[in-house]
Protein chains: 2
Amino acid sequence: MARKLDRQTLDELGIDAALAQANKSRREGGIPIGSALMDPTGTIVALGHNLRVQTGDPTAHAEVVCMRNAGRRRDWRFLTLYSTLSPCVMCTGTTLLHRVPRVVIGENSTFVGGEELFAAHGVELVNLNDQRCVALMKAFIESSPDLWQEDIGDPEA
Amino acid sequence: MARKLDRQTLDELGIDAALAQANKSRREGGIPIGSALMDPTGTIVALGHNLRVQTGDPTAHAEVVCMRNAGRRRDWRFLTLYSTLSPCVMCTGTTLLHRVPRVVIGENSTFVGGEELFAAHGVELVNLNDQRCVALMKAFIESSPDLWQEDIGDPEA
């Protein structure tokens, strides 16, 4: 008989899927941030990772790519968005446009995005404080500070 | 001798370029919203229009497509974004991420996007109240209400 997984287990599966995307991007020489979208049954309906280096698209943050890959649909309000990192203001806005009600992040110790905006719109934000995600981002920011600044819109020095 | 065009003339050229994109999308059977990015010399550096119908990408609002087409660059803070319609919260967030300081819109009588968010972040918003843009959106919303609801993330009825 199939077992129904609890939310904590589903969230672990979701962040693992997002982290696998981040690691894929790192191996490609890209920015190591990944995302996943999960429906209420625990099915991953879309994956994505940052594509700035790979395709030259400045809007291709992991969360945007994941929602792009999710395609045209009307069930956003039943989905959970997973991301290895706290979503920036663009990705927060994209989440709000689609009315995704729940966001689970790997960490926000290396970067804090639009978390106040999520709160103001009643989006549930869960921080798993996943040390694998922290280590991946710390290593990237240390090795590629200029690329990281570009990705978060910091003007050049 | 070359004449330096004043801001009002540049804004008219910018919104004309955005409107041409919107009309192109309409002729393709797509959602008729268009955008343009202009640098301080009056050069259009990127164009874009909504691509939801054309490519099935739910993140492909005109402003996002325009910034995607602008590519990797570090001069966002010197650009002006033109859009035929008040940018939604996703497009507002994308503008804020890139720190584009000035947004000129055709109209906000058929839809009001993240204008308060722009104000909170000090982005200058200019509404040209262009009746060509109003007429185009009114005709689209009347003929395709479901597609329009989908594009702005309204849950299905």
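This one's a predicted model, so the numbers in the text were calculated from it and none came from an experiment. To find a chain, count down the sequence lines: A is the first, B the second, and so on, and within it residues start at 1.
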Q. Which value, rounded to the nearest 0.5 Å, describes the distance between R99(B) atom CZ and D154(A) atom CG?
A.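 The CZ atom of R99(B) sits 4.5 Å away from the CG atom of D154(A).
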
Q. Rounded to the nearest 0.5 Å, what separation is found between the OG1 atom of T55(A) and the CZ atom of R68(B)?
A.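 With rounding to 0.5 Å, OG1 (T55(A)) is 8.5 Å from CZ (R68(B)).
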
Decide whether [X] and [Y] are clustered together by the hydrophobic rule: side chain heavy atoms of Ile, Leu, Val, Met, Phe, Trp, Tyr closer than 4.5 Å, transitively.
X       : Y       : answer
V103(A) : L97(A)  : yes
L10(B)  : I15(B)  : yes
L47(B)  : L81(B)  : no
M38(B)  : V104(B) : yes
M137(A) : L147(A) : yes

Q. Among R73(B), H98(B), R52(B), which residue forms the greatest number of heavy-atom pairs with chain A at distances under 4.5 Å?
A.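 Heavy-atom pairs under 4.5 Å are most numerous for R52(B).
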
Would you name the heavy atoms of [X] and [Y] that are closest together and state the gap between them?
X       : Y      : answer
P58(B)  : G71(A) : CG-O, 3.3 Å
E150(A) : R74(B) : CB-NH1, 3.5 Å
V53(B)  : R72(A) : CA-NH1, 3.8 Å
T94(B)  : T59(A) : CG2-CG2, 4.2 Å
V89(B)  : L96(A) : CG1-CB, 3.9 Å
P155(A) : R77(B) : CB-NH1, 3.6 Å

Chain B contact via [X] - side chain, backbone, both or neither, heavy atoms under 4.5 Å:
X       : answer
V100(A) : neither
L51(A)  : neither
T92(A)  : neither

(Q) Using a 6.0 Å cut-off, check whether atom CD of E124(B) has over 12 heavy atoms from anything other than its own residue. (A)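 Buried by this count: over 12 neighbours within 6.0 Å.
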
Q) Within a strict 4.5 Å, meaning less than it, do heavy atoms of the V64(A) and M90(B) side chains meet? A)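 Answer no - side chains too far apart.
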
